[in-house]
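Right, one structure below, let's go through it.
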Amino acid sequence: MPSADRASNRPSGRMNGGRALAEMLRLAEVGPMFGMGGFQLLPFYDALAQLGMRHFLIDDERCEAFAGDAHARITNSPVLCDGTLGPGATNLVTGLIESLNAGTPIIALAGDTNRAHSWKNMTQECRQAEILRPAVKELIRVELTSRIPELLRRAFAVATSGRPGPVLLDVPEDVCHGEHDFRTEDFAIDPSTLSVPARRIRPDRADIARAAALIARARRPLILAGGGIHLSRAYGALLGLAEGQSIPVAHTMSGKGGIACTHPLSVGLFGRYSRIANELIEASDCLVVVGCKLGEIATKRYALPSQSIPLIHLDILAEEIGRCRSAEVALWGDAKAGLEDLAEELTDEKKRASAARADYISEIPGRMSSWHEEAAARLNSDERPIHMARLCRELNHALPANSILVADGGFAGHWTGLLYDTKSVGRHFIPDRGLASIGYGLPGGIGAALAAPAAPVVAITGDGGFNMMLGELETARRTGIGLTIVVVNNAASGYVKALQHAMFRGRYQSSDLVEMDYAAIARAMGCNGIRVDDPERLGAALREGLAERTRPTVLDIIVTRDPARMLPAVDNRTVEIKQGDRVA
Ligand SMILES: Cc1ncc(C[n+]2csc(CCOP(=O)(O)OP(=O)(O)O)c2C)c(N)n1
Ligand SMILES: [Mg+2]
């Protein structure tokens with residue numbers, strides 16, 4: 001909505017706090033909202049009904065935060081999640097921390113006690129503001145009905161600026177139910193704060209010049225791209241620098257899709273799991289890290305990259321630079337702006353760089369095909385139960401370029417992080433690497449399917465993660481989305497079982513699950529359900545799921561139960577793991 005229309009559309013007059021909240025969200029054009037009601041926020045629900053706004057009941061508040069997180073990652077605009085006093089608010093914690101760590105813009109609402117009675121053992125009362133405060137970028141307690149528009153405006157500004165994140169408005173019952181005479185001016189909204197990035201800041205010019213000089217001198221520069229590329233929508237700028245200067249690009253799990261995995265300059269995932277990227281990092285003489293925190297997984301527990309390799313670190317949060325690895329040049333700024341400035345500074349180098357780095361660039365296809373040859377037996381395996389690598393290969397074949405794969409926190413995420421290829425730039429792979437909770441897959445898939453109704457959306461989850469969230473199949477069905485849920489059924493908390501196999505000589509404790517028929521469960525819940533134990537049937541089953549546009553399909557995939565073969569890319573029997581080591 002252009003600002004003029006927004007201004008003429010503003011309400012005025014006497015209304016309650018819930019209505020004021022809804023009116024502001026209407027003007028902000030937030031996408032679908034997710035929540036579960038309770039008494040405190042009911043005026044808000046009533047206003048949504050009167051205004052005809054889209055709001056989805058979710059069966060567990062943790063899931064609404066996950067669904068909202070995936071939705072916001074696709075649209076780069078904040079999503080609203082609401083929870084009632086006490087358990088509703090505390091259930092939001094896990095999902096909000098995912099968004100906080102991943103930099104996803106979210107506006108959360110929590111109902112709180114009526115201040116006339118608080119701290120007198122009111123039902124469901126707890127110290128929720130203190131519990132939620134470290135889970136969000138900012139917690140705003142709303143003390144006056146009259147200040148609702150102003151504080152929601154503030155929430156958008158915080159959620160979408162700098163490193164984005166979740167902002168929670170804690171709204172006491174009497175503030176939500178209370179009334180105020182509002183003026184039209186009260187409902188002003190700054191359109192630039194309604195999507196990420198709200199504002200762009202450019203790195204210092206002198207730092208850009210130093211970084212460009214370092215890149216120009218390098219024979220084997222390499223870009224390490226993180227999730228910040230998506231938040232900054234830096235796709236064109238990344239490709240411009242990579243192609244213009246002949247620099248390959250490796251990515252973290254969250255950074256997958258910064259350039260298409262199928263692009264000749266993409267060298268795939270780096271860090272804990274890698275095809276050829278880690279060896280290229282070790283052989284590099286200049287690393288350009290963009291929108292990436294260089295945390296545990298990206299650095300193989302801080303073993304990568306070696307200290308001797310000069311590193312340029314571009315990040316929107318100045319204090320992230322140098323946290324895990326010192327940087328030769330610190331570029332504080334927006335990823336897109338910084339990459340554009342680097343490319344501009346290096347314009348005169350283009351010709352020389354492409355000639356000087358021709359041999360370097362031509363190594364990549366050779367290295368990739370050696371990796372493919374080595375991995376072929378796994379990727380093409382026709383064993384039963386199904387090999388995880390074969391499942392990833394079938395996903396690569398069946399999913400079109402515009403599809404979105406949401407990956408759960410268990411093995412599913414690691415396997416697909418390593419082996420799944422996005423065929424175009426953008427958020428086509430969504431893993432919950434902020435907090436790496438299991439259970440994100442199904443609700444994340446719901447959020448993604450609502451955000452991109454025209455795109456085929458697949459959520460891949462472990463059976464443990466799916467068990468956690470089974471109730472949300474009801475939500476998925478009610479919303480009428482054509483989501484395909486791939487359940488990696490290994491009848492185990494596989495990650496735990498694999499580590500117990502590798503580190504504790506197979507003394508398994510609390511890592512087995514009962515074998516379930518998830519396809520039958522799905523059918524009983526009114527969804528499509530297909531059980532697959534033959535790898536030859538994977539492609540057809542995926543295509544059937546993708547063809548369902550109005551109800552979810554659960555593909556129950558029977559995968560290896562051998563704990564020695566559950567870790568991606570590693571056969572545990574050949575890996576010596578010492579106590580204290582982490583391999584996954
Ligand atoms: C909420 C939460 N609890 C525990 C963990 C630790 N964890 C990581 S993977 C995993 C196993 C999950 O089992 P499943 O979803 O079946 O995936 P699998 O590893 O078997 O593929 C666990 C328990 C976690 N990541 N999140
Ligand atoms: Mg499992």
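Everything quoted here is computed from the prediction, not taken from an experiment. Indexing begins at 1, ligand by ligand and atom by atom, following the structure's order.
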Residue set satisfying salt bridge (charged side-chain N to carboxylate O under 4.0 Å, His left out) with E373, at least two apart, ordered chain then number -> none
Would you say N489 reaches the Mg ion (ligand 2) with an N/O/S atom under 2.8 Å?
-> no
Lys/Arg N to Asp/Glu carboxylate O, R378 vs E374, below 4.0 Å = yes
Could E138 and R133 be called an ion pair, given the rule that one side-chain N must be under 4.0 Å from one carboxylate O?
-> no
Going by an N to O cut-off under 4.0 Å, is there a salt bridge joining E394 and R537?
-> no
N/O/S atom of A492 inside 2.8 Å of the Mg ion (ligand 2), strictly under = yes
Closest approach to the Mg ion (ligand 2) by D463, given as the N, O or S atom name | OD1
State plainly whether the residues E296 and R272 are in salt-bridge range, i.e. N to O under 4.0 Å.
-> yes
For a distance cut-off of 3.5 Å, show me each N or O of ligand 1 paired with any protein N or O, plus the separation.
{"from": "ligand 1", "atom 1": "15 (O)", "to": "G464", "atom 2": "N", "distance (Å)": "3.3"}
{"from": "ligand 1", "atom 1": "15 (O)", "to": "G465", "atom 2": "N", "distance (Å)": "2.8"}
{"from": "ligand 1", "atom 1": "16 (O)", "to": "D463", "atom 2": "N", "distance (Å)": "3.3"}
{"from": "ligand 1", "atom 1": "16 (O)", "to": "D463", "atom 2": "OD1", "distance (Å)": "2.6"}
{"from": "ligand 1", "atom 1": "16 (O)", "to": "G464", "atom 2": "N", "distance (Å)": "2.7"}
{"from": "ligand 1", "atom 1": "16 (O)", "to": "A492", "atom 2": "O", "distance (Å)": "3.0"}
{"from": "ligand 1", "atom 1": "19 (O)", "to": "G494", "atom 2": "N", "distance (Å)": "3.4"}
{"from": "ligand 1", "atom 1": "19 (O)", "to": "Y495", "atom 2": "N", "distance (Å)": "3.0"}
{"from": "ligand 1", "atom 1": "20 (O)", "to": "N490", "atom 2": "OD1", "distance (Å)": "3.2"}
{"from": "ligand 1", "atom 1": "20 (O)", "to": "N490", "atom 2": "ND2", "distance (Å)": "2.9"}
{"from": "ligand 1", "atom 1": "20 (O)", "to": "A492", "atom 2": "O", "distance (Å)": "3.0"}
{"from": "ligand 1", "atom 1": "20 (O)", "to": "G494", "atom 2": "N", "distance (Å)": "2.7"}
{"from": "ligand 1", "atom 1": "25 (N)", "to": "A436", "atom 2": "O", "distance (Å)": "3.0"}
{"from": "ligand 1", "atom 1": "26 (N)", "to": "I438", "atom 2": "N", "distance (Å)": "3.2"}

Hey, are H55 and D82 close enough side-chain-wise for a donor-acceptor pair under 3.5 Å?
-> yes
Hey, is E515 close enough to R561 for a salt bridge, meaning N to O under 4.0 Å?
-> yes
